[in-house]
Novice: 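The structure's right below; bear with me while I get my questions together.
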Amino acid sequence: MAAQGRGNAAVVVGVLLVCVLLSAAAVAEAAVFNVGDRGGWSFNTNSWPTGKRFKAGDVLVFKYDATAHDVVAVSAAGYKACAKPAKGAKVYKSGADRVTLARGTNYFICSIPGHCQSGMKIAVTAA
């Protein structure tokens, strides 16, 4: 009986090891996307996500002139209305921001007056 118990423990350890390795592989596969491609985060970027496939954990890199723009994570309503971000909204201002996507639709706008209305916004859906 004791020998059988040790064999079961080895199987459990083996299964756990495989699970850890698969999890690490999934994390390693996260893709990095430069928003706006070579043009960066700018006006008329709203169509940039079209045709791209995103997964939760992928990273968006927003490159822009930090003296002229910002990036704000907003709700669907804030995105649609190009509304001033709610108090406590995450505002990025570095000019080279990295944002990890959550599962579902992630919304981003530039909060400088008039910029969102000029297409400086994106909605990215991550599977």
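All values below come from the heavy atoms of this structure, side chains included, with hydrogens, waters and symmetry mates left out.
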Novice: With heavy-atom distances below 4.5 Å as the criterion, would you say the side chains of K93 and H69 are in contact?
Specialist: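 Side chain of K93 against side chain of H69, heavy atoms only: no contact under 4.5 Å found.
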
Novice: Do D37 side-chain atoms and G39 backbone N/O form a donor-acceptor pair below 3.5 Å?
Specialist: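 No, D37 side chain to G39 backbone: no donor-acceptor pair under 3.5 Å.
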
Novice: What distance do T45 atom OG1 and H115 atom NE2 have between them, rounded to the nearest 0.5 Å?
Specialist: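 Rounded to the nearest 0.5 Å, the OG1-NE2 separation comes out at 11.5 Å.
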
Novice: Linking I/L/V/M/F/W/Y whenever their side-chain heavy atoms sit closer than 4.5 Å, directly or via other members, would I109 and V91 fall into one cluster?
Specialist: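 Cluster IDs for I109 and V91 match.
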
Novice: For K52, I'd like to know if atom NZ has over 12 heavy atoms of other residues, nucleotides or ligands within 6.0 Å.
Specialist: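 Counting other residues, nucleotides and ligands, NZ of K52 exceeds 12 neighbours.
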
Novice: Would a distance-only check, ignoring hydrogens and angles, find a side-chain to backbone donor-acceptor pair under 3.5 Å from N44 to G119?
Specialist: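 Flag not set: sc N44 to bb G119 has no pair under 3.5 Å.
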
Novice: Any chance you could lay out the disulfide (SG to SG under 2.5 Å) test for C110 and C116, step after step, and finish with the verdict?
Specialist: CA-CA 5 Å; C110 178; C116 179; over 6 Å; no

Novice: When you measure from the centre of the six-membered ring of Y107, is the NZ or CZ of K121 closer than 6.0 Å and no more than 45° off the axis?
Specialist: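 No; the conditions do not both hold, so K121 does not lie above the ring face of Y107.
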
Novice: Give a yes or no on whether the backbone of A127 and the side-chain of R103 come within a donor-acceptor separation of less than 3.5 Å.
Specialist: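 A pair under 3.5 Å: yes.
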
Novice: Considering non-hydrogen atoms only, spot the tightest contact between A126 and A102 and give its length.
Specialist: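 Of all heavy-atom pairs spanning A126 and A102, the closest is CB-O, 3.4 Å.
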
Novice: Taking side chain as C-beta onward, heavy atoms only, is D97 less than 4.5 Å from K63?
Specialist: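 No, side chains not in contact.
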
Novice: How close do V72 and A89 get, heavy atom to heavy atom, and via which atoms?
Specialist: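 In this case the closest contact between V72 and A89 is CG1-CB, 4.1 Å.
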
Novice: What are the two closest non-hydrogen atoms of A31 and D58, and how far apart are they?
Specialist: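 Smallest heavy-atom distance, with atoms named: N-OD1, 2.9 Å.
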
Novice: Report the hydrophobic cluster partners of V71, with the cluster defined as I, L, V, M, F, W, Y residues connected by side-chain heavy atoms closer than 4.5 angstrom, directly or transitively.
Specialist: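 Same cluster as V71: F33, V35, W41, F43, W48, F54, L60, F62, Y64, Y92, V99, L101, F108, M120, I122, V124.
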
Novice: What are the two closest non-hydrogen atoms of S94 and A96, and how far apart are they?
Specialist: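 Scanning both residues completely, I find the closest heavy atoms to be OG-N, 3.0 Å.
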
Novice: Could you report the tightest heavy-atom contact between P49 and A123, atom names first, then the distance?
Specialist: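 Reported closest heavy-atom pair: CG-O, 3.7 Å.
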
